Amino acid sequence: MKKILPKTIKDVEEVRIETDLLIIGGGNSGCFVAIEAKEKNPDIDVTIMEKAHIDRSGALAAGMDAINTYIGEGETPETIVAWSRAQVGGGPLREDLALSNAKILNECVESLEKWGVPFKKDEKGKYKRRGRFDISIHGEQLKPIIAEKTKSYNPRILNRVAATNLIKEGDRVVGAMGFGIRDGKFYVIKAKATVVSTGGAAGLYRSATNDGTTSHHQMWMCPFNVGTGYAVGVRAGAEFTLMEQRWCAARVKDFTGPVDTISVGYKAKMINSKGEMILQERYAHLGGDTAPRYIRANAPMNEWSEGRGPTFVDTRHLSPEQVRDLKIDYLNERPTYVLFLAARGQDPAKEPLEIYGSDPYIVGGHTGSGYWVDIDRMSTHRGLFAAGECAGGMPNKFVGGCAAEGVLAARGALKYIASVQHGNLDENQAAGEKERVFSPLLKGLGMEAKYNIPAGQDQRGQYDGVTPEEMEERFQRLMDEYAAGVGQFFKCNEEQLNYALKHIKMLKEQVGKLFATDLHELVLVHDVIDRLEVAEVVVMHLRERRESRWPGWQTRTDYPGVDPSLDCFINSRKNLETGEIEMLKRPYEQILPGSRTSAPSPIPLSAETA
């Protein structure tokens, strides 16, 4: 039955909830927050606000073929943190956060197997390693299994409710607001503590596989992760860090599927059109195949920009059995890639797989982007915690590390909850947010009633306003061309960034022209609004870091070297009085001794344990 849509703001039904712990985002990390909180205190009232459905939401929605961080035999929490530091060229990174995460990492990963995720084992019954800290799994059912465990603790789960803004009382966060993307209700949730654990920000840039207005989101990252977790914090004035450290990855061309499955799992070398092994011949001094992640990700684009494209991962050494295993691995994470190969009639054993750069993403589970937090994962606002992709300062978390961040954020939130009572709700704040959220829908429905468009025609083209698709298309092209997108080989300069900022501000001024004619379009409206909010911060960070510390992730053609004076965290926060983004720096604090750009070798194993 078709949903009856509101004609006025008074027609929008409100739902009021009071809870102890509110979790915004029911992906991997958010589920671990709920599980840990209920295990530590079964009586605590926990609410999960999830835009999709926790059974198949977030970055793990389609499954995974590996856990990229696990401390195996011969390794320690210190060696994985040193490795992570080297993988980002020596940092900066929050070593205090990374060490606390590493100390509980394995118990979080091992819990997945206990809950039912199939882990691959070697002939000795140990986890099958895919790389130094990678272990292989059959993870197509990874998210449903995590969700099932979460539901066993009976938290309140609000599926298909999108968060739109935080509730503030002074500098304290006392809950959040949102709307039901199916029921059209406005949700006001008061909480003693709030954990933001949404996915990262995808769709800020045009994808290289974008072939028109109906293909904005043919990308590697989950396209429904639009940066809302960051956006609500930006609007609240929270402090963010390393938003310039974008995840720009090498991906299978024309499909944007993961490459590590092939290059790491099956030892396929990266080659150019001349047959040269790129990493060994051009980046041997940086470690070749083990060079920092940003080097490996940027290498194909350098080959293209210097005239040696196209680029490939060379799979021609694979046996028929290995090709079959490779396809099974993809069925665990990107099942449609098997269909992609079949549609092209391509045999990886006879023809190498072409690779290219992805559109840039802001994903704090891979890079260090996110909220600036303390050791308890509390942000610069009291009562607001961050986990998973949202917790900044610590790159290379991936699945296991994001789960551990959920556990740590839950522990921090529980400690805070024990010391506070519920805050007060400013009714004017709630009324203003309700108006902001639903005004695009009321505007669109008003125009629908005003104009009599013949059946079969797209009535929106006749309306006086801007559709979310129109704004997104302009916005993604702007970011690609002026803010170091894949179309510019991830490179930018001061003038380009200034142009991007000028036009992002213009687009933000036009947000009031956005309209929707149903609840689905209303979701798209707020998706593009949140993406704009995050994009402005990203460009401000790219401009502030006047150096090229992580080529590819962050390349400045006007500042091609590394500036020692910028060996620090670039942070930002919105001034809520002026509306401007203010930039600041925080020092890097090295805890682990030794070289920051090289990781110590694993401890040699005895014959008995090897």
Side-chain angles (χ1 to χ4, degrees), residues 21-25 27 29-30 33 49 51 94 97 162-178 189 191 193-202 204 225-245 361-365 367-374 376-394 402 405-406 409 412-413 416 423 429 433 436-437 508 526-527 529-541 569-577 579-584 586:
L21 176 61
L22 172 62
I23 302 165
I24 302 176
S29 187
V33 175
M49 180 191 284
K51 184 169 76 171
R94 289 282 300 278
L97 301 181
T164 58
N165 256 331
L166 301 170
I167 302 172
K168 290 184 65 181
E169 183 181 24
D171 67 347
R172 180 187 171 192
V173 170
V174 295
M177 297 167 283
I189 305 172
T194 301
V195 179
V196 182
S197 55
T198 61
L204 302 185
N225 293 354
V226 303
T228 296
Y230 304 137
V232 297
V234 171
R235 289 194 285 266
E239 187 173 332
F240 285 81
T241 190
L242 293 176
M243 297 295 277
E244 74 278 14
Q245 197 180 71
Y361 309 104
I362 306 300
V363 281
T367 62
S369 308
Y371 286 79
W372 183 260
V373 295
D374 65 16
D376 288 328
R377 274 53 180 182
M378 181 148 60
S379 73
T380 51
H381 282 13
R382 291 184 301 125
L384 179 63
F385 296 77
E389 303 274 25
C390 286
M394 181 196 153
C402 284
E405 287 296 295
Y416 176 80
Q429 189 180 153
E433 180 63 4
R436 185 188 78 88
V437 169
K508 292 182 75 174
H526 288 287
D527 283 355
I529 290 173
D530 287 350
R531 283 179 168 127
L532 278 168
E533 198 81 69
V534 177
E536 182 178 24
V537 175
V538 170
V539 177
M540 290 290 290
H541 276 250
F569 295 94
I570 300 290
N571 286 13
S572 64
R573 58 176 172 244
K574 176 175 279 193
N575 184 318
L576 299 185
E577 294 183 2
E580 297 298 318
I581 304 296
E582 298 177 342
M583 307 304 298
L584 60 150
R586 289 190 180 267

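Values in this document were obtained by computation on a predicted structure and should not be read as measured data.
Between the CD1 atom of Ile24 and the OG1 atom of Thr228 there is a distance of 9.5 Å, given to the nearest 0.5 Å. In this structure, CG on Leu384 lies 11.0 Å from CG on Asp171, to the nearest 0.5 angstrom. A distance of 4.5 Å separates OG1 in Thr194 from CG in Leu22, rounded to the nearest 0.5 Å. Rounded to the nearest 0.5 angstrom, Phe385 CZ and Met378 CE are separated by 4.5 Å. A distance of 7.0 Å separates OG of Ser572 from CE of Met243, quoted to the nearest 0.5 Å. Taken to the nearest 0.5 Å, the CZ atom of Arg436 stands 8.5 Å off from the CE atom of Met177.
Put simply, the side chain of Val538 does not reach to within 4.5 Å of the side chain of Glu244, judged on heavy atoms. Contact check for Ile362 versus Leu204: side-chain heavy atoms found under the 4.5 Å cut-off. With contacts defined as side-chain heavy-atom distances shorter than 4.5 Å, the pair Ile167/Gln429 qualifies.
Shown here for Gly25 and Thr198, the closest heavy-atom pair between the two residues is CA-CG2, 4.1 Å. Taking both residues in full, the closest heavy atoms of Ala387 and Glu405 are given as CB-O, 3.8 Å, listed atom of the first, atom of the second, then distance. Nearest heavy atom pair, residue Leu576 against residue Ala236, reads CD1-O, 3.4 Å. The minimum heavy-atom distance linking Lys574 with Val234 is given by the pair CB-O, 3.5 Å. Of all heavy-atom pairs spanning Val373 and Gly392, the tightest one is CG2-O, 4.4 Å. When all heavy atoms of Ala391 and Ala386 are compared, the closest pair comes out as CB-O, 3.7 Å.
By the 30° and 60° cut-offs, the orientation of the rings of Trp372 relative to Phe569 is perpendicular. By the 30° and 60° cut-offs, the orientation of the rings of Tyr371 relative to Tyr230 is tilted.
For Glu389, there are no salt bridge (charged side-chain N to carboxylate O under 4.0 Å, His left out) partners at least two apart in sequence or on another chain. For Thr380, there are no side-chain hydrogen bond (donor to acceptor under 3.5 Å, both in side chains) partners at least two apart in sequence or on another chain. By the side-chain hydrogen bond (donor to acceptor under 3.5 Å, both in side chains) test, Asn165 is found to be paired with Arg235, Glu433, residues two or more places apart in sequence or in another chain being considered. The salt bridge (charged side-chain N to carboxylate O under 4.0 Å, His left out) search around Asp376 returns Lys415, not counting sequence neighbours. Listed by chain and number, the residues in a side-chain hydrogen bond (donor to acceptor under 3.5 Å, both in side chains) with Glu536 are Lys505, Lys508 (sequence neighbours excluded). Under the rule for a side-chain hydrogen bond (donor to acceptor under 3.5 Å, both in side chains), Ser379 has no partner lying at least two apart in sequence or in another chain.
The closest side-chain donor-acceptor pair between Asn571 and Glu239 falls under 3.5 angstrom. Checking His526 against Thr164 by side-chain atom types alone, no donor-acceptor pair falls below 3.5 Å.
Comment: Arg94 does not engage Asp374 in a salt bridge, judged by the lack of any side-chain N to carboxylate O separation of less than 4.0 angstrom.
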